[in-house]
Amino acid sequence: ILQSSPLLEQLYLSGLEVPFDGTAVALNPISLPRLSTLIINHIPFDLASGLLERLSPSSACRVSEIELPWSEELGLSGFPYQAGRICTPQTPGEQVIYPLLRAISELLHLEIAPRRYLRTFVDDWDSWENQAKIQHVADVGRMFFETLGRLSFKAQISQFYLHAGSMAFLVGGLAIVRELFPETVDLEVVTEKGLEGLEVLAEPVTEDENPRWPLPKLAVLRLTTFDPSFNYDRIIPMVIKRTQAAASSPSALSPITLLTIGNGVVHSEVLGRLEEAGIKYERWSESDVL
């Protein structure tokens with residue numbers, strides 16, 4: 001039906017149950033050049049995977065919303081890559097690109113721009129939150145964003161939003177940002193249980209025998225934790241260290257010029273060190289100064 005509908009502009013697939021009798025189906029490409037809206041909602045994984053594998057991205061598409069129940073096959077197939085390929089704008093300037101990764105209780109949400117995302121729901125979070133499953137989730141995120149990370153105009157992508165439900169997901173998410181979006185200037189991180197994973201940004205990493213700072217253009221860092229006891233005194237020295245290092249190597253590293261913090265606690269003398277380093281800071285009223 002889709003192959004015979006090249007003028008189709010909107011496609012909604014929801015709650016379909018397609019019986020499979022074992023008959024092989026030819027995987028011929030599907031071209032819908034006028035498709036502006038694609039919404040897939042809770043259809044069998046095999047059906048969604050087969051459709052996205054065959055569907056050619058449309059430059060007319062502005063909405064690509066894909067929602068599926070979690071499946072072990074997600075990270076063992078090319079489906080996340082195909083979903084990312086369909087969700088990625090085809091031309092520069094077409095839409096503001098603001099990558100978002102949210103891995104929290106019962107939800108993995110991967111977004112390239114507003115209304116361009118892959119969302120999957122997890123029924124059993126406790127069984128998911130083990131080392132093997134955490135790596136599985138990280139692989140899904142990396143594959144989804146891979147197409148975006150390879151765009152010729154990806155230098156225009158300067159923001160990233162990361163919401164992590166655990167420290168392991170924070171570290172995995174930061175690895176994706178460092179690998180695929182090294183030009184990030186503005187990074188927002190929200191966590192449920194603390195922010196210690198950000199310490200990976202505190203030191204340069206040796207690559208090809210040359211030390212290189214992760215996210216060397218990072219200038220704005222926005223931090224929020226839902227743990228009211230978290231002490232930002234643990235993170236602020238990293239921010240100061242990067243800014244001081246930038247002063248001696250401005251061509252290799254940008255200083256952090258703005259730090260925002262939400263919830264948690266911080267000592268006034270530590271905030272004073274930020275001011276001494278020339279770093280502007282903003283805090284929400286929910287964050288307590290000791």
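Note that the coordinates shown come from a computational prediction; the quantities given were computed from them, not determined experimentally.
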Roughly how far apart are [X] [atom1] and [Y] [atom2], rounded to 0.5 Å?
{"X": "Leu108", "Y": "Leu68", "atom1": "CG", "atom2": "CG", "answer": "11.5 Å"}
{"X": "Phe145", "Y": "Ile112", "atom1": "CZ", "atom2": "CD1", "answer": "6.5 Å"}
{"X": "Leu8", "Y": "Ser31", "atom1": "CG", "atom2": "OG", "answer": "11.5 Å"}
{"X": "Ile39", "Y": "Glu67", "atom1": "CD1", "atom2": "CD", "answer": "9.0 Å"}
{"X": "Leu215", "Y": "Phe160", "atom1": "CG", "atom2": "CZ", "answer": "10.5 Å"}
{"X": "Leu100", "Y": "Gln159", "atom1": "CG", "atom2": "CD", "answer": "11.5 Å"}

Sidechain-backbone polar pair: [X] side chain, [Y] backbone, donor-acceptor under 3.5 Å:
{"X": "Ser49", "Y": "Phe45", "value": "no"}
{"X": "Arg54", "Y": "Asn28", "value": "yes"}
{"X": "Ser248", "Y": "Ala245", "value": "yes"}

Side chain proximity check, [X] to [Y], heavy atoms < 4.5 angstrom:
{"X": "Ile40", "Y": "Leu52", "answer": "yes"}
{"X": "Arg85", "Y": "Pro57", "answer": "yes"}
{"X": "Leu118", "Y": "Cys87", "answer": "no"}
{"X": "Val266", "Y": "Asp233", "answer": "yes"}
{"X": "Ile235", "Y": "Phe230", "answer": "yes"}
{"X": "Glu275", "Y": "Tyr281", "answer": "yes"}
{"X": "His163", "Y": "Glu192", "answer": "yes"}
{"X": "Thr191", "Y": "Met167", "answer": "no"}

Closest approach of [X] and [Y], non-hydrogen atoms and distance?
{"X": "Ile256", "Y": "Ile279", "value": "O-CG1, 3.4 Å"}
{"X": "Lys193", "Y": "Gly165", "value": "CE-O, 3.9 Å"}
{"X": "Arg242", "Y": "Leu201", "value": "NH1-O, 3.1 Å"}
{"X": "Pro29", "Y": "Gln3", "value": "O-NE2, 3.4 Å"}
{"X": "Pro33", "Y": "Ala60", "value": "O-CB, 3.6 Å"}
{"X": "Ser64", "Y": "Cys61", "value": "OG-SG, 3.3 Å"}

[X] and side chain to side chain contact (heavy atoms under 4.5 Å, CB included): which single residue from [options] fits?
{"X": "Leu198", "options": "Leu174, Val171, Val239", "value": "Leu174"}
{"X": "Phe79", "options": "Val140, Ile66, Asp46", "value": "Ile66"}
{"X": "Leu35", "options": "Leu7, Ile30, Leu11", "value": "Leu11"}

[X] with [Y], same ILVMFWY side-chain cluster at under 4.5 Å:
{"X": "Tyr161", "Y": "Leu101", "answer": "no"}
{"X": "Ile86", "Y": "Leu2", "answer": "yes"}
{"X": "Leu253", "Y": "Leu187", "answer": "no"}
{"X": "Ile176", "Y": "Leu223", "answer": "yes"}
{"X": "Val200", "Y": "Phe169", "answer": "yes"}

Intermediate values then yes/no, side-chain contact (heavy atoms from CB on, under 4.5 Å), Arg116 and Arg62: CA-CA 8 Å; Arg116 291 181 179 271; Arg62 296 296 183 273; 4.2 Å; yes

Go through it in stages, so that I can follow the logic: the residues are Leu38 and Leu32, the test is side-chain contact (heavy atoms from CB on, under 4.5 Å), and I'd like the CA-CA distance, side-chain angles, deciding distance and then a yes or no. CA-CA 11 Å; Leu38 172 65; Leu32 302 174; over 6 Å; no

Could you walk me through whether Tyr12 and Asn41 pass side-chain contact (heavy atoms from CB on, under 4.5 Å), step by step? CA-CA 8 Å; Tyr12 298 81; Asn41 184 20; over 6 Å; no

Before giving the answer on side-chain contact (heavy atoms from CB on, under 4.5 Å), spell out for Asn231 and His267 the whole-Å C-alpha distance, their side-chain angles and the decisive distance to 0.1 Å. CA-CA 8 Å; Asn231 193 329; His267 282 85; 3.8 Å; yes

